[in-house]
Amino acid sequence: MAGSASIPYHRIASFRRTVLGFYAQHGRKLPWRVTKDPYRITVSEIMLQQTQVERVIPKFEAWIALWPDWRTLSTASTRELLHAWSGLGYNRRALMLGKLAKAIMEKHHGKLPRQPEVLEELPGIGPYTSRAILIFAFNQDIATIDTNIRRVLLHQFDLPPTTTKEQLESLAQRLVPKGRSRDWHNGLMDYSRLALPRRLPRIPPVSKQGRFEGSARQVRGEVIRQLLKQKTVDIFWLAGRIKRDKAEVLKIAKSMAREGVVRLKGRTITLAE
DNA sequence: CTCCCGGTTT
DNA sequence: AAACCAGGAG
């Protein structure tokens, strides 16, 4: 088992120079990189979860214009949150961001906590995001690993894909150049995206292709669009329009109800406030 | 572990 | 049609 201790220091130092040099020369100028405001950093990190950079940029700018800080965001309604989020996907994130703003105003005096363990208790913030926020907002000398960073570490140190999370975390922590954590992590992201060869095509997994995969997507999108225009949507109207199995439509409505997006009342669904 | 979303690329 | 994407919640 190749622990990070088996990697000689000169390779660590050399890699640091490569990444920091690459970032200085080719680093992308992004809206959340010109600020250290913990609020803006947090909004960007939530938006960037499983969502490509190019698509986040305009949504981020619009969001900040609407709600420039935790206080204003904490007053936003569900409808407003979903409207501003529309197009990003994983709508649950918008609702959790709203809850996060309320939690910070009510339980943390309007200030973001600075300990990863405390941050992780807040809605929508997991192991990656808690550390990323502290790195990009406060330049803390800690490490975080997302899919880009994982990929660049495996490539650089010729590690097998079976490398455990713990082994990667140990290596990642040793790599952080003290006092330059923010540039380092930004650099790793850009280096991974811009300087590494494309991913190899993966072995096709066992196709489990649900029969309603296509229509389920349409139904979700349609429900959100309708809810933004009006207050309620009739499930059977939807079912008839989509011409798909009624049970599948109900299943989707129930799943959205679990997320708190809609309330289920008899034959209609209503936007939750 | 599964599910969550949608725009985009291949 | 399938993979991809600054993960997290249940």
Side-chain angles (χ1 to χ4, degrees), chain A residues 23 27-28 30-33 40-60 81-82 84-97 99-100 116 119-137 142-153 165 168 172 181-194 196-225 227-228 248 251-262:
Chain A
Y23 184 60
R28 294 173 290 183
L30 300 172
W32 44 90
R33 285 182 177 174
R40 296 188 183 209
I41 300 290
T42 303
V43 170
S44 76
E45 287 301 333
I46 302 283
M47 285 187 170
L48 286 162
Q49 289 168 4
Q50 298 290 284
T51 309
Q52 278 143 303
V53 168
E54 294 307 316
R55 198 145 38 84
V56 166
I57 293 174
K59 295 292 179 179
F60 173 81
L81 293 172
L82 288 175
W85 199 266
S86 169
L88 284 175
Y90 292 107
N91 298 302
R92 160 169 50 182
R93 292 180 295 166
L95 306 181
M96 286 191 295
L97 204 35
K99 287 184 183 174
L100 178 59
L119 275 176
E120 273 195 53
E121 297 306 310
L122 294 168
I125 299 186
Y128 164 76
T129 305
S130 64
R131 289 163 178 77
I133 290 170
L134 296 175
I135 289 163
F136 295 127
I142 56 181
T144 195
I145 300 175
D146 73 324
T147 115
N148 291 314
I149 295 178
R150 173 187 156 81
R151 184 161 154 263
V152 76
L153 293 185
K165 185 157 59 74
L168 277 176
S181 184
R182 181 188 351 247
D183 286 347
W184 170 247
H185 286 87
N186 277 326
L188 281 177
M189 304 280 187
D190 286 0
Y191 187 75
S192 176
R193 293 297 299 159
L194 307 174
L196 255 53
R198 284 198 62 76
R199 282 176 186 65
L200 295 169
R202 299 249 322 287
I203 312 291
V206 191
S207 165
K208 57 163 184 159
Q209 191 85 286
R211 281 195 307 280
F212 287 99
E213 199 65 22
S215 76
R217 207 181 219 210
Q218 291 173 21
V219 169
R220 278 191 297 266
E222 185 65 13
V223 165
I224 288 290
R225 276 190 294 278
L227 282 170
L228 291 172
E248 181 69 9
K251 180 183 155 197
I252 290 157
K254 283 179 181 169
S255 120
M256 297 183 72
R258 273 201 306 278
E259 294 179 12
V261 175
V262 301

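Below, chains carry the letters A, B, ... as their sequence lines are ordered, and counting in each starts from 1. The model shown is predicted, which means the values in this text are computed figures rather than measured ones.
- A/K165 has its NZ atom 15 Å from the P atom of C/dG7, to the nearest Å.
- Distance CG/A/L153 to CG/A/L188: 6.5 Å, rounded to 0.5 Å.
- Here, B/dC4 and C/dC4 have their C1' atoms 16 Å apart, quoted to the whole Å.
- Side-chain N or O atoms of A/R55 include one that pairs as donor or acceptor with a backbone N or O of A/G87 at under 3.5 Å.
- Residue A/N148 places at least one side-chain N or O closer than 4.0 Å to OP1 or OP2 of C/dA6.
- With distances taken from any side-chain atom of A/R55 to the nucleotides C/dA6, C/dG8, B/dG7, the minimum falls on B/dG7.
- For A/L81 and B/dC5, the CG to P distance is 16 Å, given to the nearest whole Å.
- Closest to the side chain of A/Y90, from the set B/dG7, C/dA6, B/dC4, is B/dC4.
- Within residues 124-132 of chain A, the residues approached by DNA chain C to less than 4.0 Å at the level of any non-hydrogen atom are A/G124, A/I125, A/G126, A/P127, A/Y128, A/T129, in residue-number order.
- Taking A/E120 as the reference, A/R131 meet the side-chain hydrogen bond (donor to acceptor under 3.5 Å, both in side chains) condition, with sequence neighbours excluded.
- Between A/L48 atom CG and C/dA6 atom C1' the separation is 5 Å, expressed in whole Å.
- In this structure, a donor-acceptor pair under 3.5 Å is absent between the side chains of A/Y128 and A/Q49.
- Protein atom CD of A/Q52 is 10 Å distant from nucleotide atom P of C/dG7, rounded to whole Å.
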inquiry  = Quick one, A/V53 with A/V56, criterion side-chain contact (heavy atoms from CB on, under 4.5 Å). Give me CA distance, side-chain angles, the key distance, then yes/no.
reply    = CA-CA 5 Å; A/V53 168; A/V56 166; 5.8 Å; no
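- Checking A/F136 against A/P123, the closest nucleotide of DNA chain C that is more toward the 5' end is the one next to A/F136.
- Atom CG of A/L119 and atom P of C/dG7 are 17 Å apart (whole Å).
- Here the separation of B/dC5 from C/dA2, taken at their C1' atoms, is 16 Å to the nearest Å.
- For A/W32 and A/M96, each mapped to the nucleotide of DNA chain C holding its nearest heavy atom, the one lying further toward the 5' end belongs to A/W32.
- Between A/I57 atom CD1 and C/dA6 atom C1' the separation is 12 Å, expressed in whole Å.
- The separation of B/dT10 from C/dA6, taken at their P atoms, amounts to 15 Å, rounded to a whole angstrom.
- The gap from the C1' atom of C/dA9 to that of B/dG7 amounts to 23 Å, rounded to the nearest Å.
- For A/W32 and A/F60, the ring centers sit closer than 6.0 Å to each other.
- Under the 4.5 Å side-chain criterion, counting only non-hydrogen atoms from C-beta, A/L30 is in contact with A/I57.
- Computed from coordinates, the A/L95 CG to B/dC5 C1' distance equals 13 Å when rounded to whole Å.
- Straight-line distance from the CG atom of A/N186 to the C1' atom of C/dA6: 10 Å, rounded to whole Å.
- Of the possible polar contacts, none joining the A/D190 side chain to the A/G27 backbone as a donor-acceptor pair under 3.5 Å is found.
- In this structure, A/M47 reaches neither bases nor backbone, as no heavy-atom distance under 4.0 Å exists between it and the strands shown.
- Not a single donor-acceptor pair, N or O on each side, falls under 3.5 Å between the base of C/dG8 and the side chain of A/Q50.
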